[in-house]
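The analysis underlying the following values was restricted to heavy atoms, covering all of them including side chains, and did not include hydrogens, waters or symmetry mates. Sequential numbering from 1 along the given sequence is applied to the chain's residues. All values reported here derive from a predicted model rather than from experimental measurement.
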Amino acid sequence: MALATSHRLRSRQAFDEVGRPDDPVEELRALGLAYRRSALDRPHLYAVMFDCPVPEFTPSEADDAFALARLERLRSAVARAVDVGAVVGNDMEITFALWGLVHGLASLELSGVPAGLDADAVWAQALGAMLAGLAPD
């Protein structure tokens, strides 16, 4: 499906723009915000990939491979942060926790932010708390 391909390309671009900052914790924060930006920039494409608004749409092998590559990009950044001692824990567990956090926040934000709630502040607080919780004692 062309929409899925378009979402993959735009999402890859958002992740690629993060690069490899010197600070591995900043890289994790930037990847989370890139996920948000990708979702907010193209909410209809995000919906096709994750909300299944088209019942007959089944992700292709290319879609699955893309998802795994983005997950591997995040896992690689997490592993680097673990290797240098910036965060503590199992890299796959941290990867899934971070993905769950940003995916959940993006999905909720796309559903509509309650009046008076600052989505930027919510993202900053959630990512900041999670990354602080992963820091060594």
Within the side chain of Ser111, is there an N or O that forms a donor-acceptor pair under 3.5 Å with the backbone of Ser107?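 Confirmed, Ser111 side chain pairs with Ser107 backbone.
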
Non-neighbouring partners of Asp120 that pass salt bridge (Lys or Arg N to Asp or Glu O under 4.0 Å), sequence neighbours left out: Arg36

Decide whether Val113 and Val122 are clustered together by the hydrophobic rule: side chain heavy atoms of Ile, Leu, Val, Met, Phe, Trp, Tyr closer than 4.5 Å, transitively. yes

Same cluster or not: Tyr35 versus Leu108, using hydrophobic residues (I, L, V, M, F, W, Y) connected whenever any side-chain heavy atoms lie under 4.5 Å apart? no

Does the side-chain contact (heavy atoms from CB on, under 4.5 Å) test come out yes or no for Leu74 and Leu28, once each step is laid out? CA-CA 7 Å; Leu74 177 58; Leu28 297 176; 4.1 Å; yes

Interatomic spacing from [atom1] in [X] to [atom2] in [Y] - rounded to 0.5 Å:
X	Y	atom1	atom2	value
Leu127	Leu105	CG	CG	7.0 Å
Leu33	Leu40	CG	CG	10.5 Å
Arg42	Leu110	CZ	CG	13.0 Å
Ile94	Leu134	CD1	CG	5.0 Å
Glu27	Arg73	CD	CZ	4.5 Å

In terms of the angle between their ring planes, are His103 and Trp99 parallel, tilted or perpendicular, with boundaries placed at 30° and 60°?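 Ring orientation of His103 relative to Trp99: tilted.
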
Provide the closest heavy-atom pair for [X] versus [Y] in the form atom of the first, atom of the second, distance.
X	Y	result
Pro24	Val84	CG-CG2, 3.6 Å
Pro136	Gly85	CG-O, 3.2 Å
Gly32	Val102	CA-CG1, 3.6 Å

Applying side-chain contact (heavy atoms from CB on, under 4.5 Å), can you list everything that pairs with Asn90, at least two apart in sequence or on another chain?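 So Asn90 forms a side-chain contact (heavy atoms from CB on, under 4.5 Å) with Met92, Glu93.
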
Could you pull out all residues at least two apart from Ala135 that satisfy side-chain contact (heavy atoms from CB on, under 4.5 Å)? none

Test: side-chain hydrogen bond (donor to acceptor under 3.5 Å, both in side chains). Region: residues 127-137. Which pairs qualify, not counting sequence neighbours?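 Passing the test, one end in residues 127-137: no pairs.
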
Not counting sequence neighbours, list each pair that qualifies as a side-chain hydrogen bond (donor to acceptor under 3.5 Å, both in side chains) and has a residue in residues 121-135. Glu109-Trp123

Results of side-chain hydrogen bond (donor to acceptor under 3.5 Å, both in side chains) for Arg75 - residues two or more places apart only: Glu72, Asp91

